[in-house]
Novice: 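Shown below is the structure under consideration.
Atoms within each ligand, like the ligands themselves, are counted from 1 in listed order.
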Amino acid sequence: MTASYDVDNIFAKILRGEIPCHKVFEDDNAIVFMDVMPQSTGHTLIVPKAPSRNLLDADAGVLSAIIPLIQRVAIAAKSAFGADGITFMQFNEGAGGQTVFHLHFHVIPRFEGEALKSHGRGMEEPGVLAANAEKLKAALAALD
Ligand code: AMP
């Protein structure tokens, strides 16, 4: 049986402002911030505010509203970090590779010839994350 949503998961705490993040964007529906253990430069998370563990229990309306934001972040990230491509990832339940149980989407800039680093390992320097958040914010603003 699948576990239920835990209101004390780390992304719920970020959404409530109880712990900090390197925020790039926020509106009524979602927050976007830098992954603290990036698998490549500019690895970004898009997190719907509505509570669900993952894709499997998410509201279909939440999913359809989030896709255009994911596209915007992907386009902005490609430009901000001079990437050659973007990998989009999303994990469901522990067996599916999920480690934080609040629905989120990974946008990962990719560079020709550069392999992805391991998932959820190797903390980045806060200064680097802050600088990357600023670059991505500027690239998002440039899309308007
Ligand atoms: P997953 O649940 O496997 O899709 O991945 C969770 C992701 O969240 C991993 O890539 C982690 O590096 C990242 N992560 C975990 N804690 C934080 C945090 N406090 N702030 C930003 N990213 C985080």
Novice: Is there a heavy atom of G97 sitting under 4.0 angstrom from any atom of ligand 1?
Specialist: yes

Novice: So, does F101 sit close enough to ligand 1 that a heavy atom of it is under 4.0 Å from the ligand?
Specialist: no

Novice: Need the ligand 1 atom indices (1-based, order shown) with element for anything under 4.0 Å from a heavy-atom of L45.
Specialist: 8 (O), 22 (N)

Novice: Of the side chain and backbone of Q90, name the one, both, or neither that has a heavy atom under 4.0 Å from an atom of ligand 1.
Specialist: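 None of Q90 does.
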
Novice: Are H102 and H104 close enough, and set up right, to give a ring pair (Phe, Tyr, Trp, His ring centres under 6.0 Å), and what steps lead you there?
Specialist: CA-CA 6 Å; H102 178 111; H104 58 278; 7.9 Å; no

Novice: Just checking, is any N or O donor in the side chain of N92 or Q98 under 3.5 Å from an acceptor N or O on the other one?
Specialist: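 Their side chains do not contain a donor-acceptor pair, so the 3.5 Å distance test is not met.
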
Novice: With a 6.0 Å cut-off on the ring centroids, do F101 and F91 count as close?
Specialist: no

Novice: Please could you name the atoms of ligand 1 that H106 approaches to less than 4.0 Å, counting only its heavy atoms?
Specialist: 1 (P), 4 (O), 5 (O), 7 (C), 10 (O)

Novice: State plainly whether one hydrophobic cluster holds both L143 and I66, where clusters connect Ile, Leu, Val, Met, Phe, Trp and Tyr through side-chain heavy atoms under 4.5 angstrom apart.
Specialist: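 Same cluster: L143 reaches I66 through Ile, Leu, Val, Met, Phe, Trp or Tyr contacts under 4.5 Å.
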
Novice: Do we see a donor-acceptor contact under 3.5 Å between the side chains of H119 and Q39?
Specialist: yes

Novice: What distance separates I108 CD1 from D35 CG, expressed to the nearest 0.5 Å?
Specialist: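 Taking CD1 in I108 and CG in D35, the distance rounds to 7.5 Å.
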
Novice: Among all protein heavy atoms, pick the one closest to atom 1 (P) of ligand 1 and tell me residue, atom and distance.
Specialist: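 Result: H104 NE2, 3.1 Å.
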
Novice: Report yes if V100 has an N/O atom closer than 3.5 Å to an N/O atom of ligand 1; otherwise report no.
Specialist: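 Yes; the residue has a nitrogen or oxygen that sits under 3.5 Å from a nitrogen or oxygen of the ligand.
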
Novice: Atoms of ligand 1 less than 4.0 Å from M34 heavy atoms?
Specialist: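 With M34 as reference, the close atoms of ligand 1 come out as 21 (C).
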
Novice: Can you list the atoms of ligand 1 that are under 4.0 Å from a heavy atom of F11?
Specialist: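 Result: 8 (O), 17 (C), 23 (C).
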
Novice: Tell me whether the rings of F105 and F88 are parallel (<30°), tilted (30 to 60°) or perpendicular (>60°).
Specialist: parallel

Novice: Please state which option from V36, D35, T99 has its nearest heavy atom closest to atom 10 (O) of ligand 1.
Specialist: D35

Novice: Hey, does M89 sit under 4.0 Å from ligand 1 if you only count heavy atoms?
Specialist: no

Novice: For atom 3 (O) of ligand 1, grab the closest protein heavy atom and report residue, atom and distance to one decimal in Å.
Specialist: H119 NE2, 2.5 Å

Novice: With heavy atoms under 4.0 Å as the rule, classify the contact between Q39 and ligand 1 as side chain, backbone, both or neither.
Specialist: neither

Novice: I46 and M34: same hydrophobic cluster, using ILVMFWY side-chain contacts below 4.5 Å?
Specialist: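 Yes, I46 connects to M34 through the hydrophobic network.
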
Novice: Could you tell me whether ligand 1 has any atom less than 4.0 Å away from a heavy atom of H22?
Specialist: no

Novice: At what distance, to the nearest 0.5 angstrom, does CG of D27 lie from CG of L69?
Specialist: 6.5 Å

